[in-house]
A.B. asks: 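First the structure, which I've put down as structure tokens, then a few questions once you've had a look.
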2 protein chains.
Amino acid sequence: MTDKKPPVRRSEKSRQAILTAARELVAEYGFAKLTIEAIAARAGVGKQTIYRWWTSKGAVVLDSLIGDTPNGAALPDTGDLATDLREVMRLTAAEMASPEIQASTRAMNVAVQTDPALAEVYRERYLGPALASARDRLASAREAGQVAADADLEVAAEVLFGAIYYRWSLGLGPLDDAYADAVVRLVASGLR
Amino acid sequence: MTDKKPPVRRSEKSRQAILTAARELVAEYGFAKLTIEAIAARAGVGKQTIYRWWTSKGAVVLDSLIGDTPNGAALPDTGDLATDLREVMRLTAAEMASPEIQASTRAMNVAVQTDPALAEVYRERYLGPALASARDRLASAREAGQVAADADLEVAAEVLFGAIYYRWSLGLGPLDDAYADAVVRLVASGLR
DNA sequence: CTGTCAAGACGATACGTCTCGTCTTGCGAT
DNA sequence: ATCGCAAGACGAGACGTATCGTCTTGACAG
């Protein structure tokens, strides 16, 4: 979302102030009530400075929240697939359930739902790495013989996170360890 | 969303006109660009008549789209679980992928993401029945011995639809038969 | 001297409330 | 049974507010 073009004379201070203001305001008021004018005011920045470098409220918000999140990390590899998956799934579930980051995550989600271009960025910089590292762990498990040779690891990774996302997004039930474990049990067993 | 209280004197004609206009406008312009004023204008109705009976744009849209959809239907029961699941999942995937109803479904989804009260309605009138009928089919499969006795059917149903929802919502890949089949393969195998 | 900056004026929408005068409807009196 | 009337729902749209995205200004930095 930041311009790819040479932002030669761009003020880094303003950029940071804008992203920080956006992050704070989203946490305080949520995405719907957030306005560009409020971001500009809190950042001590002219509106034009925002419009010059971003295309929309969603772009600013996504930019401000992405990179925030420790997501590219590889999954642990203790040798037992189910254990490692349980670990990540429990963590992910807890993170999504956490009230502190609920507002931010919801904001990012709405932004992504509304603008395909943002969805693209979100997928590449956020979701992609997470899915890839899960896929890698599954591949290593397959080499260890814990997963059937013909299993579709891509789909398996999606199914795992999809389950959490589904429940979280639509408020279908609690995102606790029990749920994470149940999903892992089902998928891990399906992969054998 | 419609008042539970005695809508004794409520004009059914206006109600229908509003819901129809909302449905059309969502399909034409999408949720974001939809305005209450446009709905009122197309429906030939005063704005107040909308505000009298609905609380928000989202409420009108959800009301206009819910009930539209043939969702409570029980799953087929041919005796083979995987076959039946494949059937529903393929159908669901195709439906979500269909351009004609994309706009509507996206609109409903955004509305639900934005307002917890709408999410409640959506879950009860739309999602609940779908999940329930999947769960029922799984229960019948369990009785037939095709599913492990200790399997969590609730979670399994969520995982199935969650996978489609995840891919659809975030645009992770094509929603084709191959994907539906892969998910079913994984879950059905996990349930044994 | 060219481009970014903060500040904010500007026209364009859309919001949600309100007021107006008209219609519709339920119900009690006839 | 029919009628008359009050309550209130209706279509229309004016109103003030909020936010949008653009545009203008003058300062100043490279």
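Residue numbering restarts at 1 for every chain, and letters A, B, ... go by the order of the sequence lines.
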A.B. asks: Strictly below 4.0 Å: does A:R52 bring a side-chain N or O up to OP1 or OP2 of C:dT4?
C.D. replies: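 It does not, given that no N or O in the side chain of A:R52 lies less than 4.0 Å from OP1 or OP2 of C:dT4.
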A.B. asks: C:dT4 C1' sits how many Å from A:E12 CD, rounded?
C.D. replies: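 In whole Å, C:dT4 C1' and A:E12 CD are 14 Å from each other.
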A.B. asks: Compare side-chain N and O positions of B:W53 against OP1 and OP2 of D:dG8 and report whether any pair is under 4.0 Å apart.
C.D. replies: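 So the side-chain polar atoms of B:W53 never come under 4.0 Å of the phosphate oxygens OP1 or OP2 of D:dG8.
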A.B. asks: By nearest atom, which of the nucleotides D:dC10, D:dC20, C:dC5 is closest to the A:Y51 side chain?
C.D. replies: D:dC20
A.B. asks: Could you tell me if the side chain of A:V61 sits less than 4.5 Å from the side chain of A:V110, heavy atoms only?
C.D. replies: no
A.B. asks: Starting at the 5' end of DNA chain C, which residue's closest nucleotide do you reach first, A:Q48 or B:S56?
C.D. replies: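 Whichever sits nearer the 5' end wins; that is A:Q48.
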A.B. asks: Less than 4.0 angstrom between a side-chain N/O of A:S14 and OP1 or OP2 of C:dT4, yes or no?
C.D. replies: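 Answer is no, no contact under 4.0 Å.
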A.B. asks: Could you check if a side-chain atom of B:V26 sits within less than 4.5 angstrom of a side-chain atom of B:S64, using non-hydrogen atoms only?
C.D. replies: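 No. Closest side-chain heavy atoms not under 4.5 Å.
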A.B. asks: May I ask you to test the A:W168-A:Q102 pair for a side-chain heavy-atom distance under 4.5 Å?
C.D. replies: yes
A.B. asks: Name the orientation class of the two ring planes belonging to B:Y126 and B:Y122 (parallel below 30°, tilted from 30 to 60°, perpendicular beyond 60°).
C.D. replies: parallel
A.B. asks: Given atom CD1 of B:I50 and atom C1' of C:dT17, what is their separation to the nearest angstrom?
C.D. replies: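 Spelled out: CD1 on B:I50 to C1' on C:dT17 is 14 Å.
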A.B. asks: Under a 4.0 Å heavy-atom cut-off, which of residues 28-47 of chain A touch DNA chain D?
C.D. replies: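 Per residue number, the list reads A:T35, A:I36, A:E37, A:K47.
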A.B. asks: Side-chain contact test, heavy atoms from C-beta onward, threshold under 4.5 Å: evaluate it for A:F161 versus A:L127 and give yes or no.
C.D. replies: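 Heavy-atom side-chain distance check fails, nothing below 4.5 Å.
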A.B. asks: By ring pair (Phe, Tyr, Trp, His ring centres under 6.0 Å), which residues pair with A:F31, not counting sequence neighbours?
C.D. replies: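 For A:F31, no residue satisfies ring pair (Phe, Tyr, Trp, His ring centres under 6.0 Å) once neighbours in sequence are set aside.
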A.B. asks: Closest to the A:T49 side chain: D:dC10, C:dG16, C:dA6?
C.D. replies: C:dA6
